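Only one structure is covered here, and it is reproduced in the block below.
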Amino acid sequence: MDSLWHASVIVLVLLIIGGSDANPAARRHGQLDVNHKKQPLQTSRPYNIAHRGSNGEIPEETAAAYLRAIEEGADFIETDILASEDGHLICFHDVTLDDTTDIANRTEFVGRKRTYEVQGVNMTGWFTVDFTLRELKSLRVKQRFSFRDQQYNGKYNILTFDEFILIALHADRVVGIYPEIKNPIFINQHVKWSGGKKFEDKFVETLLKYGYKGKYMSEDWLKKPLFIQSFAPTSLIYISNITNAPKLLLIDETTVPTQDTNQSYYEITSNGYLAFIRKYVIGIGPWKDTIIPPENNLLGPATDLVARAHALNLQVHPYTFRNENSYLHFNFHQDPYAEYEYWLREIRVDALFTDFTGSLRKYQEWTAPHQNKEKKCRGPPA
């Protein structure tokens, strides 16, 4: 039975990646052997988090993007979780399909465009919640940004949460996963599960099915590392009752309120609120410009957010680091490595979300001799 299951998993993963000829990130067959002793997750330096995979190179949240990120040295692969009309969990960033799939060219779906309220704003497009998983699987993914490589457009389809997890589990070393509970208010409004279950319940059920559990740095966690993230504090509080896995509260720019409690950035980063939410989360994931607000594309004075979070034993995982000049503040002189240097050495954050996993890995390898052998592991131990 075990060998049959193992063979089935190999076939499934090969189907996901779509074959080596079309897939620049296809890797040797041996990576699928989950029974050999694996190199453990590194915990001696800040984590390299592959934001939607290595999406600076390959279309986001595809099998190829995640495999490339693993190949390039990611500690964690990050994804956004939404749901289909028939209740399947998928890896996709936007609640609409417009920007990163070929939906607009699919004549059979032309009548599916809708207008819904999302976070208090009317939005028009083709929504994931109006399509079955089979229909979503028929779509092909494309690169979000026109200035990035377009050669892989149309080669990959949308992943399920299960398929994403299998990619991590069948890597040839221990690779963590970093899923986000995306737009939970909207999903719970439009998708209904049997037994009164919520989006958050299905999300945690999937993690538990694959053995993801345990407090930060516990034996269970180190075997299958996981961070759960959300912009919705009530979702994180809710799932605290059904899993003890580590969670992070995401923080948007100053003008954007929380998805569910309508609190401002200033409120949710106050000492009082951080002291409250630390009962449920191990850290925060702020947009980097909320930590150091820029002016005219030059960095201003750093706020004390990182210091205040660290004083409460909260990790800080800022997002998103990108190599392109349009995303680099003038201070870094078009050098992404200078940006990594500043955030890791001067601001001293605990992890970085990056679209270019390989660049961050190179920086960390180059500077490893000058870094402390063991980083302080913030957050409650097992």
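This structure is a prediction, so every number in the text was calculated from the model and none was measured.
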Expected output: side-chain S240 to main-chain L236 donor-acceptor under 3.5 Å: yes

Say you draw a straight line from CH2 of W126 to OG1 of T96; how long is it, rounded to the nearest 0.5 Å? 10.0 Å

Would you kindly confirm whether I347 and Y265 end up in one hydrophobic cluster when ILVMFWY residues are joined by side chain heavy atoms under 4.5 Å apart? yes

Consider only side-chain heavy atoms of I, L, V, M, F, W and Y, link residues closer than 4.5 Å, and tell whether V118 and I185 are in one cluster. no

In terms of side-chain geometry, is the basic nitrogen of K209 or E205 positioned less than 4.0 Å from the acidic oxygen of its partner? no

Polar contact flag, side-chain donor to acceptor under 3.5 angstrom, R52-T320: no

Main chain of P184, side chain of N188: is a donor-acceptor contact present, judged purely on distance under 3.5 Å? yes

Take D86 and S84, measure what side-chain hydrogen bond (donor to acceptor under 3.5 Å, both in side chains) needs, and give me the verdict at the end. CA-CA 5 Å; D86 49 349; S84 65; 2.6 Å; yes

Does one side chain, of Y340 or D335, offer a donor that lies under 3.5 Å from an acceptor on the other? no

In Å and rounded to the nearest 0.5 Å, what is the CG to CG distance from L82 to L97? 9.0 Å

Checking side-chain polar atoms at under 3.5 Å, does N271 have a donor or acceptor matched by the opposite partner on R308? yes

Do any N or O atoms from the side chain of D260 and from the backbone of T234 form a donor-acceptor pair under 3.5 angstrom? yes

Any chance you could measure L360, atom CG, to N48, atom CG, to the nearest 0.5 Å? 4.0 Å

Where is the tightest heavy-atom contact between A83 and V191, given as atom of each residue plus distance? CB-CG2, 4.2 Å

Side chains of S218 and D220 only: does a donor on one sit below 3.5 Å from an acceptor on the other? no

So does T132 get a backbone contact from the side chain of E135, meaning a donor-acceptor N/O pair under 3.5 Å? yes

Candidates I77, I58, N55, T357 - the one meeting side chain to side chain contact (heavy atoms under 4.5 Å, CB included) with Y66: I77

Can you check whether K137's main-chain N or O pairs, donor with acceptor, with R140's side chain at less than 3.5 Å? yes

Whether Y319 and F353 hold their rings parallel, tilted or perpendicular, with breakpoints at 30° and 60°: perpendicular

Would you please say whether a donor-acceptor pair under 3.5 Å links the side chains of Q151 and Q143? no

Quick one: do I177 and I165 satisfy side chain to side chain contact (heavy atoms under 4.5 Å, CB included)? Show the steps, please. CA-CA 7 Å; I177 62 172; I165 289 172; 4.1 Å; yes

Once rounded to the nearest 0.5 Å, what's the spacing between atom CG of L136 and atom NE2 of H88? 10.0 Å

Is I242 linked to L249 within one hydrophobic cluster, defined over Ile, Leu, Val, Met, Phe, Trp and Tyr using a side-chain heavy-atom separation of less than 4.5 Å? yes

For E365, is there an ion pair with K362 - N to carboxylate O distance below 4.0 angstrom? no

Go through the steps to decide whether T43 and D75 satisfy the test side chain to side chain contact (heavy atoms under 4.5 Å, CB included), and finish with yes or no. CA-CA 9 Å; T43 58; D75 299 314; over 6 Å; no

Is it true that the NZ or CZ of K247 lies under 6.0 Å from the centre of F227's six-membered ring and within 45 degrees of the ring axis? no

Single hit among L344, T354, L352 for side chain to side chain contact (heavy atoms under 4.5 Å, CB included) with Y363: L344

Spell out, as yes or no, whether a donor-acceptor pair under 3.5 Å connects the side chain of T290 to the backbone of P286. no

I need the F164 CZ to L169 CG distance, nearest 0.5 Å. 10.0 Å

Taking the six-membered ring for Trp, are Y216 and W221 parallel (under 30°), tilted (30 to 60°) or perpendicular (over 60°)? perpendicular

Count the heavy atoms belonging to other residues, nucleotides or ligands that lie under 6.0 Å from CG of N296, then report whether that count exceeds 12. no

Under-4.0 Å salt bridge between D94 and R144: yes

Could you please spell out the steps behind the ring-ring contact (aromatic ring centres under 6.0 Å, His included) verdict for Y337 and F332? CA-CA 8 Å; Y337 299 106; F332 303 117; over 10 Å; no

NZ/NE/NH1/NH2 to OD/OE distance under 4.0 Å, R106 and D102: yes

Tell me whether the rings of F203 and F199 are parallel (<30°), tilted (30 to 60°) or perpendicular (>60°). perpendicular

Do Y210 and L208 belong to the same hydrophobic cluster, where Ile, Leu, Val, Met, Phe, Trp and Tyr are linked whenever their side-chain heavy atoms lie under 4.5 Å apart, directly or via other members? yes

Would you name the heavy atoms of L207 and P179 that are closest together and state the gap between them? CD2-CG, 4.5 Å

If you draw a 6.0 Å radius around OH in Y266, do more than 12 non-hydrogen atoms from other residues or ligands fall strictly inside? no

With no hydrogens and no angle check, do the side chains of D350 and H310 hold a donor and an acceptor under 3.5 Å apart? yes

Is it true that Q263 and T258 share a donor-acceptor pair across their side chains at a distance under 3.5 Å? no

Are H51 and Y178 close enough that a side-chain donor and a side-chain acceptor fall under 3.5 Å? no

Pair H190-D130, side-chain donor/acceptor within less than 3.5 Å: no

Can we say D355 and R322 salt-bridge, meaning some charged N sits less than 4.0 Å from an Asp/Glu carboxylate O? yes

Look at the rings of W343 and F321 and say which category their plane angle falls in: under 30° parallel, 30 to 60° tilted, over 60° perpendicular. perpendicular

What I'd like to find out is whether the side chain of Y116 reaches to under 4.5 Å of the side chain of T124, using heavy atoms alone. no

With the 4.5 Å side-chain cut-off for hydrophobic clustering, are L312 and I237 part of the same group? yes

Distance, nearest 0.5 Å, that separates CD of Q229 from OG1 of T79: 9.0 Å

Ring centres under 6.0 angstrom apart (F276, Y280): yes

Looking only at heavy atoms, what is the nearest atom pair of Y212 and K224, with distance? CD2-O, 3.3 Å

Keeping the roles fixed (side chain from E60, backbone from T100), state whether a donor-acceptor pair exists under 3.5 Å. no

Looking at I181, is its backbone amide N or carbonyl O close enough to the side chain of S230 to form a donor-acceptor pair, meaning the two atoms are under 3.5 Å apart? yes

Looking at E57 and R148, does any basic side-chain N land under 4.0 Å from a carboxylate oxygen? no

Non-hydrogen side-chain atoms of L159 and I167 separated by less than 4.5 Å: yes

Electrostatic pair E339-K288, nearest N-O below 4.0 angstrom: yes

Just by modelled atom types, is the G358 backbone N or O under 3.5 Å from a matching donor or acceptor in the E72 side chain? yes

Above 12 or not: heavy atoms from other molecules or residues under 6.0 Å from NZ of K213? no

Strictly distance-based, threshold 3.5 Å: is any side-chain N or O of E324 a donor or acceptor partner for the main-chain N or O of S326? no

Greater than 12 external heavy atoms within 6.0 Å of Q39's CD: no

Side chains of T115 and N122, donor plus acceptor under 3.5 Å: no

For K142 and N153, work out which heavy atoms get closest and say how close. CA-OD1, 3.4 Å

